[in-house]
Amino acid sequence: MNPATSQSVMSGEGAGWTPIAAEAERATKVLHPESLKLPRPTRRRIMTVANQKGGVGKTTSTVNLAAALALHGLKTLVIDLDPQGNASTALAVEHRSGTPSVYEVLIGEISLADAAAVSNQSENLYCVPATIDLAGAEIELVSMVARESRLKEALNSEALDQLGVDYVFIDCPPSLGLLTVNALVAAKEVLIPIQCEYYALEGLGQLLRNIELVKAHLNPALDVSTILLTMYDGRTKLADQVTSEVRGHFGDTCLSTVIPRSVKVSEAPGYGQTVLSYDPGSRGAMSYLDAAREIATRGAEEGTA
């Protein structure tokens with residue numbers, strides 16, 4: 001066997017290997033999750049997904065990580081805290097005006113359980129949708145008592161026990177306003193998606209300073225636990241430079257998995273789906289599954305470290 005043939009066989013590219021066969025094999029792993037049960041965390045994890053820069057993959061990462069965890073046995077709740085309601089759209093959860101939503105939860109009209117809806121992506125996946133009413137919530141919250149802690153009060157242990165969730169992901173708007181502050185006060189962990197492009201680190205310093213302010217004055221338990229590199233384009237040197245710079249600065253906080261730039265990932269929300277259901281064999285779907293596996297493994301190891 002010549003070296004080229006040997007390498008082909010070792011990488012799975014033998015006589016029966018085709019790109020379509022490889023994608024079908026990957027899709028099978030996603031569509032039949034009984035083959036991969038992810039470990040439960042040692043404690044319930046509440047993660048705020050934040051970055052005031054728009055277009056970095058906040059919502060995309062929130063819904064796909066949540067769906068990956070849910071598909072593999074973990075009960076997961078997504079709180080859509082962005083008035084645009086994109087996370088609600090991607091999870092095919094109703095969010096027309098008048099729908100019980102995070103707005104009513106924040107102002108104390110309804111409980112978390114009353115607003116939570118099950119996504120059609122998985123019976124383990126819940127979403128508290130955002131309606132257009134949320135757009136005026138920041139103004140209304142200004143005059144409220146404990147305005148920075150409204151979401152934390154709603155996400156109390158009793159409410160989350162009622163839903164029985166292992167993970168809570170809070171999808172923030174692309175700003176550092178009162179809604180984002182509420183998300184930072186409600187969580188113990190921050191997940192920051194960073195795109196592998198030139199302006200990736202612009203504004204990141206301000207976000208980190210705000211996180212430190214919230215930690216100092218409102219939520220001492222808050223910590224940046226996870227950095228996820230998104231929109232990676234392996235054809236450019238720039239992507240590698242940004243990746244190296246971020247890894248050099250944040251170290252083990254960065255997940256090993258990098259999310260590639262993908263048309264399928266971008267298309268999925270238009271069909272009211274995550275990429276894991278829209279095209280489960282795609283590179284984007286497998287990358288988010290790998291990232292979810294890393295997050296789950298870290299959560300399970302936390303108590304044994």
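Just so it is clear, the values below take in all heavy atoms, side chains as well, and ignore hydrogens, waters and symmetry mates.
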Let me confirm one number: the [atom1]-[atom2] distance from [X] to [Y], rounded to the nearest 0.5 Å.
X: L222; Y: T48; atom1: CG; atom2: OG1; value: 7.5 Å
X: L218; Y: L213; atom1: CG; atom2: CG; value: 9.0 Å
X: L160; Y: I46; atom1: CG; atom2: CD1; value: 5.5 Å
X: N124; Y: L77; atom1: CG; atom2: CG; value: 12.5 Å
X: L184; Y: C172; atom1: CG; atom2: SG; value: 6.0 Å
X: I194; Y: E245; atom1: CD1; atom2: CD; value: 10.0 Å

Just so I know, are the side chains of [X] and [Y] near enough to count as touching, which here means a heavy-atom distance under 4.5 Å?
X: Y167; Y: I295; result: yes
X: L276; Y: Y288; result: yes
X: I139; Y: L178; result: no
X: S101; Y: L134; result: no
X: Q206; Y: L176; result: yes
X: L125; Y: L69; result: no
X: N182; Y: L141; result: yes
X: D161; Y: R44; result: yes

On a heavy-atom basis, which atom in [X] and which in [Y] lie closest, and how many Å separate them?
X: G98; Y: D133; value: N-OD2, 4.1 Å
X: A66; Y: V78; value: CB-CG2, 3.5 Å
X: P260; Y: S287; value: CD-OG, 3.2 Å
X: A300; Y: T42; value: O-CG2, 3.4 Å
X: V142; Y: R147; value: O-NH1, 3.1 Å
X: D279; Y: K264; value: OD2-CE, 3.1 Å

Any donor-acceptor N/O pair, [X] side chain to [Y] backbone, under 3.5 Å:
X: S149; Y: K152; value: no
X: S119; Y: S122; value: no
X: T180; Y: S175; value: yes

Please say yes or no: joined through hydrophobic side-chain contacts below 4.5 Å, possibly via intermediate residues, are [X] and [Y] part of one cluster?
X: Y278; Y: L65; value: no
X: L163; Y: L106; value: yes
X: V102; Y: V165; value: yes
X: V128; Y: L155; value: yes
X: V258; Y: I227; value: yes

Q: Assess whether side chain to side chain contact (heavy atoms under 4.5 Å, CB included) is satisfied between Q121 and L91, documenting all intermediate values.
A: CA-CA 7 Å; Q121 312 287 300; L91 296 176; 4.2 Å; yes
Q: State whether the number of non-hydrogen atoms from other residues, nucleotides or ligands found under 6.0 Å of Q162 atom CD is greater than 12.
A: no
Q: Give the C-alpha distance, both sets of side-chain angles, the deciding distance and a yes or no for side chain to side chain contact (heavy atoms under 4.5 Å, CB included) between I192 and T226.
A: CA-CA 6 Å; I192 304 177; T226 311; over 6 Å; no
Q | Distance-only side-chain donor-acceptor flag, Q273 / S277, under 3.5 Å | A | yes
Q.
The criterion is salt bridge (Lys or Arg N to Asp or Glu O under 4.0 Å); which residues satisfy it with D240, sequence neighbours excluded?
A. none
Q: List the steps and the verdict of side chain to side chain contact (heavy atoms under 4.5 Å, CB included) for T230 and S61.
A: CA-CA 8 Å; T230 64; S61 296; 3.8 Å; yes
Could you list the donor-acceptor pairs under 3.5 angstrom formed by side chains in residues 52-59, with sequence neighbours left out?
residue : atom : partner : partner atom : Å
Q52     : NE2  : G203    : O            : 2.6
K53     : NZ   : Q195    : OE1          : 2.8
K58     : NZ   : N51     : O            : 3.0
K58     : NZ   : K53     : O            : 3.4
T59     : OG1  : D171    : OD1          : 3.4
T59     : OG1  : D171    : OD2          : 2.8

Q. Would R293 and H72 count as a side chain to side chain contact (heavy atoms under 4.5 Å, CB included) if you check the C-alpha gap in whole Å, the side-chain angles of each, and the deciding distance to 0.1 Å?
A. CA-CA 9 Å; R293 187 185 296 115; H72 293 86; over 6 Å; no
Q. What residues, two or more places apart in sequence or in another chain, satisfy side-chain hydrogen bond (donor to acceptor under 3.5 Å, both in side chains) together with T257?
A. E294
**Q.** For R247, side-chain hydrogen bond (donor to acceptor under 3.5 Å, both in side chains) partners two or more places apart
**A.** none
Q | Sole candidate of K75, R45, R40 that passes salt bridge (Lys or Arg N to Asp or Glu O under 4.0 Å) when paired with D166 | A | R40
Can I get a per-line list of side-chain donor-acceptor pairs under 3.5 Å for residues 107-114, giving both atom names and the distance, sequence neighbours left out?
residue : atom : partner : partner atom : Å
S111    : OG   : D114    : N            : 3.3
S111    : OG   : D114    : OD2          : 3.1

Q. Pairs in or reaching into residues 83-97: which pass side chain to side chain donor-acceptor pair (under 3.5 Å), with residues at least two apart or in two chains?
A. D80-S88, D82-Q84, T89-H95, E94-R96
